[in-house]
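Have a look at the structure below before the remarks.
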Protein chains: 2
Amino acid sequence: MGLIKTEKFSKEQNEIALIAKVIGHPARVAILQHLFKINACVCGDLVDEIGLAQSTISQHLKELKHMGLIKGNVEGTSVCYCIDTENWSKMKQIMSQFLDQDVSNSTCC
Amino acid sequence: MGLIKTEKFSKEQNEIALIAKVIGHPARVAILQHLFKINACVCGDLVDEIGLAQSTISQHLKELKHMGLIKGNVEGTSVCYCIDTENWSKMKQIMSQFLDQDVSNSTCC
DNA sequence: TTTGTATATTGCAATATTACGATTAAGTAG
DNA sequence: CTACTTAATCGTAATATTGCAATATACAAA
């Protein structure tokens with residue numbers, strides 16, 4: 001079917017999955033890393049930086065923006081992107097809580 | 001095309017994306033959470049726990065095993081699954097390093 | 001206004017993912 | 001052996017994702 005049965009899972013489980021999913025593509029990882037590295041706004045050199053078509057990058061940016069991980073400000077004819085620090089922190093906390101589950105006393109297998 | 005151009009990205013970027021991708025489905029999140037909660041082997045009640053078909057759960061388990069996040073031991077007619085703690089720690093470190101990128105001095109946008 | 005530049009959107013084609021039923025494989029119990 | 005249980009695999013249908021070219025939009029400069 002290709003259709004995820006979200007109704008079978010908790011809100012938290014769906015949220016974790018959605019966050020992970022948006023990070024689950026190397027182009028989006030690369031975009032985020034670049035925005036962190038520059039540590040400021042970036043106005044469109046992402047297409048050169050990553051080797052994909054302009055329309056493809058634009059689509060990935062849209063997804064990142066939709067999940068709230070980045071912000072985009074229009075500056076004349078170009079658009080200025082950067083990490084949405086507030087949402088990034090929230091997202092980080094949700095993921096960290098999931099990743100940090102204690103694993104010490106698993107004496108099985 | 002539906003085909004990711006992995007050759008355009010670094011090994012690290014692809015690795016982060018692969019890890020995130022496998023977590024990017026609520027059923028797999030639920031499986032992992034259950035294994036952590038039980039904190040021991042679980043032998044097939046995952047199908048009851050989560051409301052998906054046995055073959056679907058089996059497929060998700062396969063993906064988690066393939067990424068090394070869980071281990072499966074055959075015990076008679078059933079199979080015993082648990083978190084692969086060593087690999088989980090490695091994965092956690094890779095993801096944490098990505099998530100913990102400093103975000104403080106972004107004065108843009 | 002016309003031209004140029006930067007980004008978004010649209011419309012595909014190719015491939016991937018999700019889910020399930022049916023079947024298979026492998027073990028256990030009688 | 002047969003019957004039963006459990007889990008993996010196969011086949012298939014429905015939907016999603018990825019990527020690109022072409023086009024549209026929006027602004028700036030001449």
Side-chain angles (χ1 to χ4, degrees), chain A residues 1-9 13-14 17-31 34-35 41-67 70-82 108-109, chain B residues 1-9 13-14 17-32 34-35 41-67 70-82 109:
Chain A
M1 301 175 172
L3 173 140
I4 297 174
K5 301 206 162 176
T6 52
E7 76 278 4
K8 302 245 179 185
F9 309 101
Q13 288 164 343
N14 281 308
L18 278 178
I19 294 168
K21 199 172 169 185
V22 84
I23 300 177
H25 191 294
R28 294 193 286 267
V29 170
I31 289 171
H34 190 68
L35 292 181
C41 286
V42 104
C43 300
D45 36 289
L46 282 167
V47 177
D48 302 321
E49 194 68 21
I50 302 165
L52 299 177
Q54 180 266 321
S55 57
T56 307
I57 298 293
S58 187
Q59 235 176 279
H60 285 306
L61 287 168
K62 192 179 170 185
E63 282 176 78
L64 289 167
K65 202 158 53 178
H66 185 253
M67 275 301 292
I70 65 174
K71 286 190 291 190
N73 269 32
V74 178
E75 280 192 2
T77 168
S78 64
V79 179
C80 172
Y81 285 106
C82 65
C108 59
C109 296
Chain B
M1 298 172 173
L3 174 140
I4 297 174
K5 301 206 161 176
T6 52
E7 75 280 3
K8 301 247 179 183
F9 308 101
Q13 289 163 342
N14 280 309
L18 279 178
I19 293 169
K21 198 173 169 184
V22 84
I23 300 177
H25 191 294
R28 293 191 287 267
V29 170
I31 289 171
L32 290 168
H34 190 67
L35 291 181
C41 288
V42 105
C43 302
D45 35 289
L46 282 167
V47 177
D48 302 320
E49 194 69 21
I50 303 165
L52 299 177
Q54 180 265 321
S55 57
T56 308
I57 299 292
S58 188
Q59 234 176 279
H60 285 306
L61 286 168
K62 192 179 170 185
E63 282 176 78
L64 289 168
K65 201 159 55 178
H66 184 252
M67 276 300 292
I70 64 173
K71 288 188 288 190
N73 269 31
V74 179
E75 280 193 3
T77 167
S78 63
V79 179
C80 170
Y81 284 105
C82 64
C109 295

**Complete:** Asn73(A) atom CG is separated from dT7(C) atom C1', nearest whole Å, by 14 Å
**Prompt:** Rounded to the nearest Å, what distance is computed from the CD atom of residue Glu75(A) to the C1' atom of nucleotide dC27(D)?
**Reply:** 13 Å
**Prompt:** Looking at the side chain of Glu63(A), which of dA8(C), dT18(D), dA8(D) is the nearest nucleotide?
**Reply:** dT18(D)
**Message:** Heavy atoms only, 4.0 Å cut-off, all strands: where does Ile57(A) land among base, sugar-phosphate and nothing?
**Reply:** nothing
**Message:** Let me spell it out: for each of Thr56(B) and Thr56(A), pick the nucleotide of DNA chain C with the closest heavy atom. Which residue's pick is nearer the 5' end?
**Reply:** Thr56(A)
**Message:** With a 4.0 Å limit, can you tell me whether Tyr81(B) has a side-chain N or O closer than that to the phosphate oxygens OP1/OP2 of dA8(D)?
**Reply:** yes
**Request:** Check whether any side-chain N or O of Lys8(A) sits under 3.5 Å from a backbone N or O of Gly51(B) as a donor-acceptor pair, and report yes or no.
**Result:** yes
**Message:** Base, sugar-phosphate or nothing for Lys21(B)? Non-hydrogen atoms, less than 4.0 Å.
**Reply:** sugar-phosphate
**Asked** Of the nucleotides dA6(C), dT18(C), dC20(D), which has the atom closest to the Thr77(A) side chain?
**Response** dA6(C)
**Item:** Minimum side-chain heavy-atom gap His25(B)-Ile4(A) below 4.5 Å
**Value:** yes
**Prompt:** To the nearest Å, how far apart are Lys5(B) NZ and dT15(C) P?
**Reply:** 12 Å
**Request:** Taking Asn73(A) for its side chain and Cys80(A) for its backbone only, find out whether a donor-acceptor pair lies under 3.5 Å.
**Result:** no
**Request:** State which of dG21(C), dA8(C), dT7(C) makes the closest approach to the side chain of Ala53(B).
**Result:** dG21(C)
**Message:** Output the rounded distance in Å from NE2 (His60(B)) to P (dT9(D)).
**Reply:** 15 Å
**Minimum-distance nucleotide (side-chain atoms of Val79(A) versus dC20(D), dA8(C), dT18(C))** = dA8(C)
**Asked** What is the distance, rounded to the nearest whole Å, between atom CG of Leu61(B) and atom P of dT6(D)?
**Response** 16 Å
**Asked** Which nucleotide, dG19(D), dA7(D), dA8(C), lies nearest any side-chain atom of Leu52(A)?
**Response** dG19(D)
**Item:** d(CD, Gln59(B); C1', dT18(C)) in whole Å
**Value:** 7 Å
**Earlier contact from the 5' end, DNA chain C, for Asp45(A) and Lys8(A)** = Asp45(A)
**Prompt:** Any donor-acceptor pair under 3.5 Å linking the side chain of Arg28(B) with the backbone of Val22(B)?
**Reply:** yes
**Complete:** Rounded to whole Å, NZ of Lys62(B) lies from P of dA16(C) at a distance of 15 Å
**Message:** What contact category does Ser55(A) fall into here, base, sugar-phosphate, or nothing, at under 4.0 angstrom with non-hydrogen atoms?
**Reply:** base
**Message:** Between P on dA8(C) and CG on Leu46(A), what's the gap in Å once rounded to a whole number?
**Reply:** 10 Å
**Request:** Check the pair Leu61(B), Tyr81(B) against side-chain contact (heavy atoms from CB on, under 4.5 Å), reporting the backbone distance first and the verdict last.
**Result:** CA-CA 9 Å; Leu61(B) 286 168; Tyr81(B) 284 105; 3.5 Å; yes
**Request:** Compare the minimum distances between each of dT9(C), dG21(C), dA16(D) and the side chain of Ser58(A), then state the nucleotide with the smallest one.
**Result:** dT9(C)
